[in-house]
Amino acid sequence: MCYIETMNLDGETNLKIRQSLADTCHLLDTTALNNLYATIECELPNKLVYEFNGTLKEQGKPALALGPERVLLRGAMLRNTSWVFGVVIYTGHETKLLMNSTRAPLKRSTVDRITNHQVLMLFFLLILLCIISALCNELWTRQHSKKHWYIALSGHIGKNFAYNLLTFIILYNNLIPISLQVTLEVVRFVQAIFINMDVDMYHEESDTPAMARTSNLNEELGMVKYIFSDKTGTLTRNVMEFKKCSAAGKLFEAPVDLDVYDIPMIKALKEGDDNGDIIREFLILMSICHTVIPEKTQYDEVIYHASSPDERALLQGARSLGFVFDTRTPNSVEVEMLGVREKYEILNVIEFTSARKRMSVISRTPTGKIILYCKGADSVIYERLSKEGQKYKDETLQHLEEFATAGLRTLCFAMAEISQPDYEDWQKIYHSASTSMINREMKVEEAANLIEKDLILLGATAVEDRLQDKVPETISALSKAGINIWVLTGDKQETAINIGYSTKLIVQGMPLIVINESSLDAVRETVLLNLNNIDASGQYALVIDGQALRYALTPDVKSDFLQLCIACKSVICCRVSPMQKAEVVDMVSSTTKSVTLAIGDGANDVAMIQKAHVGVGISGVEGLQAACASDYSIAQFRFLLKLLFVHGAWNYSRMCKLILYSFYKNICLYVMELWFAIYSGWSGQILFERWTIGLYNVLFTAAPPLAIGLFDKVCSSDTMLRYPKLYGHRDDSFGVNIFWLWIGNALVHSILLFWLPMLSVNHDSIWPSGKDGGYLVLGNIVYTYVVVTVCLKAGLHMNFWTVITHLAIWGSILAWFVLIIVYSHVWPILPVGPVMTGMDVMIYTSVVFWCGLLFVPIVTLLPDITFLVVRRTIFKSLTEAVRESEIKKKDPSAMLIESKPSLTETARLLKGVRSVFNLRSTTSTRVNSDVELSHGFAFSQEEGGAVAQSDVIRAYNTNIPKPGGM
């Protein structure tokens, strides 16, 4: 028999028990093992983590059944023994761990996908323009072949259509900005460096910085609508700690660095009155009512092996109070109480189940009394109290409320003294029930109810399932931003619900919908009933276990189940396998078309991290598997706020503007070749000098998009973090309409930038001398106006100006003016640009050029400026209003206040309770009142495990050394 931890498989930290067959348990050394000759037959490899069927056939003996209680899965870890003998059944990709894993997908952002589709549309438009231009060339040639006979056009009619088509394809190809890909990669790479270097996301304790493992999804961080989070190691720290207790109606804190006799609780115990006796019984119950196995190390330190982390925490709390449990035999336990060792005979252990919500131990004390010690949820303990045992009922209930408010996990303690005759009569009933072949569980529960009555209340304990720093605040902020948070965990239902309360994912009074049916028809009926009766305006929490989820994800139920989930404010899926996590993420991603983010820290989270649009790994206790498979890794859940609200929102805004601006600037210049073709007889003659065409994207308009992509900000980081609502409010959501609006804007600008200069040179000469400079002078004038207009357009859409921004815009304009001077004097020193010789003198000496430089860009941008002024004055968005307040150094809180209905605290509680019972009355879902109105109860012991807890403790004797195995 051994304990295993399956954290890498299902995320659970509580230990599970595995036991060998009775026929092979005696094989404790290699010699005996060598004499074993047997054959194992088992089912084909599958991904069902909690199921296994097989047989062991030993020569000359009947076949023995093998179930999941006999199997150690790959990924499980031994926790209380140093060795086991076993036979390998599945290896490599046939193991359940690898069958629950998925291939790392190639992820692309939503913005990328939209852009690619529009590029394709733009390509078809380009081909259409080329065909039209080639046809126009044919028509022009036919019409002018006789008039312009000296060009010898008549011999080319109808022969050069393909050649002309290719010419126009080459001429117009720059309408699609190839340079955009280079710019995007550079910007994304630097954005990833910004994330890596963010000191606010550096965890000093573990020396772990944030890390962007991909740069393709930077803007996707600003579009997240659903977050799927693991529980263990992501929201919690994997640490249970005894914090407080209520004994004899008095509240006691967990001792910290005090001598045991100076602890207030021990002082109260030593007073010797009735309260002292109650406190003593309370501490005895803490020490013996459990199924923990103690193990002494070579340094005489006692280590507790527990299937429930709560039990371990309670025993550690008892040890800090001077009650040390250190010995277990099959029939007894020994506790050292303030230096005095006492031995308690364990007569019966009545195990914990979700239905019972309690566990009991019947023991014989050193004085010969038979005492029943019981611990469980407050609701089940209180209803079993005797009239005499309710002395501290009100005080304990008040303390339970305090524990619940603090998000602590609580258990109530009670006891009852049993006479020898009563015990003997009950033992016969219990033995008969536990050996029954029909309805055994029900009969055992009925027998337990006969003895677990007339209890005396001793008090209550509060254990903290320690959360990561600022988890409740982070979840609250994410919810305010309009992000839906789902918790997908391998832990059991009670633990998951408790974490929901402590993280504020579920608040007191919120109605719970619990789905844990075990058949397809039952799950379908439950989902449909809840879906039909749920109030769309209400706030519900949905809890579903892995077995029910298996049926809920079937094709005929999935659609209704998803609608129910979307109607709920919070969703918690418990007891789910890694593959089920991925299936839930895929269901939401594919159906809602919203951007999803999955966050986890263990190997069991890798599948959902890879399936989500964005995967975030936490470098936590469970290892680095999730971090290595993720797109972004952080050290703490709270760093998600900075990653999404600041880097995500900034990068989304930046990338959208960068992409739109890149298409705008290319179309603004290169479509002018189409307008010029009207005057060049559709011959394919270019308006601009060849090298200047190539330098447009490389030199003169390269810096503004980089400045937009790297330094533009919606609001400051402090403002983005302080007001989560800003995350969901985007000035211009990137989409098809916005894309083509910018394309239309670019076409209008290109028309103005071409025909306004064209009108200015309508009389051919632009100098007082009357000389003519040729078409290239017009081309360079137009080019100048385009560079100035395009750079100013970038500044018009920037929200945040820095020194680098100024250099990018004004420096790009200045670079063109300098290049004209330099390029005009290159030839014949270098054999390039002979047509540019003297161009600086021709342009800079023209009054028409300088007047146009002031007039044309302003006229072109005037509609844009007017539109932006009107929108930001009359139709101001929330983000723009906050940014304006930030510039004016005013507090923007007033415009972000949400109106809420005024309810007194009593009315609020009554409203919540009424909604709970209304929901229960209209549906057949099992929703227990003690779940909805609980005080943080959770008891994470393995339920219905492979080996019963009572069998485990009966098999252990810590006084006997373990076998060596050799």
Side-chain angles (χ1 to χ4, degrees), residues 1-25 27 30 33-34 36-59 61-104 230 232 307 488 490 546-547 549-550 553 575-583 600 602-611 622-626 628-629 942 944-947 965:
M1 186 184 296
C2 66
Y3 277 117
I4 62 168
E5 187 180 84
T6 57
M7 191 186 300
N8 284 331
L9 292 166
D10 53 21
E12 289 195 49
T13 51
N14 60 301
L15 301 183
K16 299 178 177 62
I17 301 159
R18 294 294 179 264
Q19 189 177 31
S20 65
L21 292 166
D23 293 49
T24 61
C25 65
L27 306 175
T30 54
L33 195 64
N34 285 331
L36 175 65
Y37 296 95
T39 303
I40 293 178
E41 294 180 359
C42 61
E43 60 190 2
L44 293 174
N46 59 66
K47 61 184 180 182
L48 302 176
V49 176
Y50 302 107
E51 296 181 14
F52 177 80
N53 289 306
T55 57
L56 176 71
K57 295 181 179 179
E58 195 173 350
Q59 291 183 357
K61 295 183 180 179
L64 301 172
L66 297 175
E69 72 276 8
R70 315 295 181 194
V71 179
L72 302 184
L73 298 179
R74 177 176 176 177
M77 292 178 285
L78 290 174
R79 281 306 186 202
N80 72 327
T81 186
S82 56
W83 61 270
V84 292
F85 288 140
V87 178
V88 177
I89 298 175
Y90 304 128
T91 61
H93 290 279
E94 293 183 346
T95 59
K96 294 182 185 288
L97 178 64
L98 288 184
M99 294 194 78
N100 273 278
S101 64
T102 56
R103 286 186 177 182
D230 178 41
T232 308
S307 65
L488 311 179
Q547 186 178 15
L549 184 64
R550 181 177 169 186
L553 293 177
R575 300 293 293 171
V576 291
S577 67
M579 189 55 67
Q580 283 181 313
K581 291 184 179 184
E583 288 172 351
N604 61 309
D605 303 316
V606 169
M608 75 167 179
I609 284 174
Q610 293 178 338
K611 186 64 71 174
E622 294 186 29
L624 297 174
Q625 297 98 322
C628 291
E942 183 185 17
V947 183

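Counting from 1, the numbers follow the sequence of the chain as shown.
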Checklist line | Student check: side-chain heavy atoms of F85 and T30 closer than 4.5 Å | finding: yes
Item checked: Shortest non-hydrogen contact from C2 toward V84 -> SG-CG1, 4.4 Å
Margin query: Nearest 0.5 Å, please: how far is CE in M99 from NE2 in H93?
Written below: 11.0 Å
Item checked: salt bridge (charged side-chain N to carboxylate O under 4.0 Å, His left out) partners of E43, counting only residues at least two apart -> none
Notebook entry, point to check: Got a sec, which residues hit side-chain hydrogen bond (donor to acceptor under 3.5 Å, both in side chains) with E94, two or more places apart in sequence or on another chain?
Noted result: none
Next item on the list: Answer yes or no: is there a side-chain heavy-atom contact under 4.5 Å between L78 and I4?
Entry: yes
Margin query: For P578 versus A607, what's the shortest heavy-atom pair and its separation?
Written below: O-CB, 3.8 Å
Next item on the list: Taking side-chain hydrogen bond (donor to acceptor under 3.5 Å, both in side chains) as the test, write out the residues that go with E41, two or more places apart.
Entry: K57
Note to self: Nearest 0.5 Å, please: how far is CE in M77 from CG in L72?
What the structure shows: 12.5 Å
Next item on the list: Compare all side-chain heavy atoms of D230 with those of K581 and state whether any distance is below 4.5 angstrom.
Entry: yes
Checklist line | Main-chain N/O of L48 paired to K96 side chain as donor or acceptor, under 3.5 Å | finding: yes
Item checked: Short side-chain to backbone donor-acceptor contact, R18 and V71, under 3.5 Å -> yes
Next item on the list: For the residue pair R74 and L98, establish whether any side-chain heavy-atom pair is separated by less than 4.5 Å.
Entry: yes
Notebook entry, point to check: Got a sec, which residues hit side chain to side chain contact (heavy atoms under 4.5 Å, CB included) with L27, two or more places apart in sequence or on another chain?
Noted result: T24, A32, L33, L36
Item checked: Non-neighbouring partners of D23 that pass side-chain hydrogen bond (donor to acceptor under 3.5 Å, both in side chains), sequence neighbours left out -> none
Check: Quick one: are L66 and L21 in side-chain contact, heavy atoms under 4.5 Å?
Finding: yes
Note to self: Show me the pairs that pass salt bridge (Lys or Arg N to Asp or Glu O under 4.0 Å) and involve residues 44-55, at least two apart or across chains.
What the structure shows: K47-E583, E51-R550
Notebook entry, point to check: What heavy-atom pair brings V88 and Y90 nearest, and what distance separates the two atoms?
Noted result: CG1-O, 3.8 Å
Check: Looking at L488 and V576, what are the two nearest heavy atoms and their distance?
Finding: C-CG2, 4.2 Å
Checklist line | Heavy-atom closest pair, residues A38 and E58 | finding: CB-CA, 3.9 Å
Margin query: Can you confirm whether I89 sits close enough to F52 that some side-chain heavy atom of one is under 4.5 Å from a side-chain heavy atom of the other?
Written below: yes
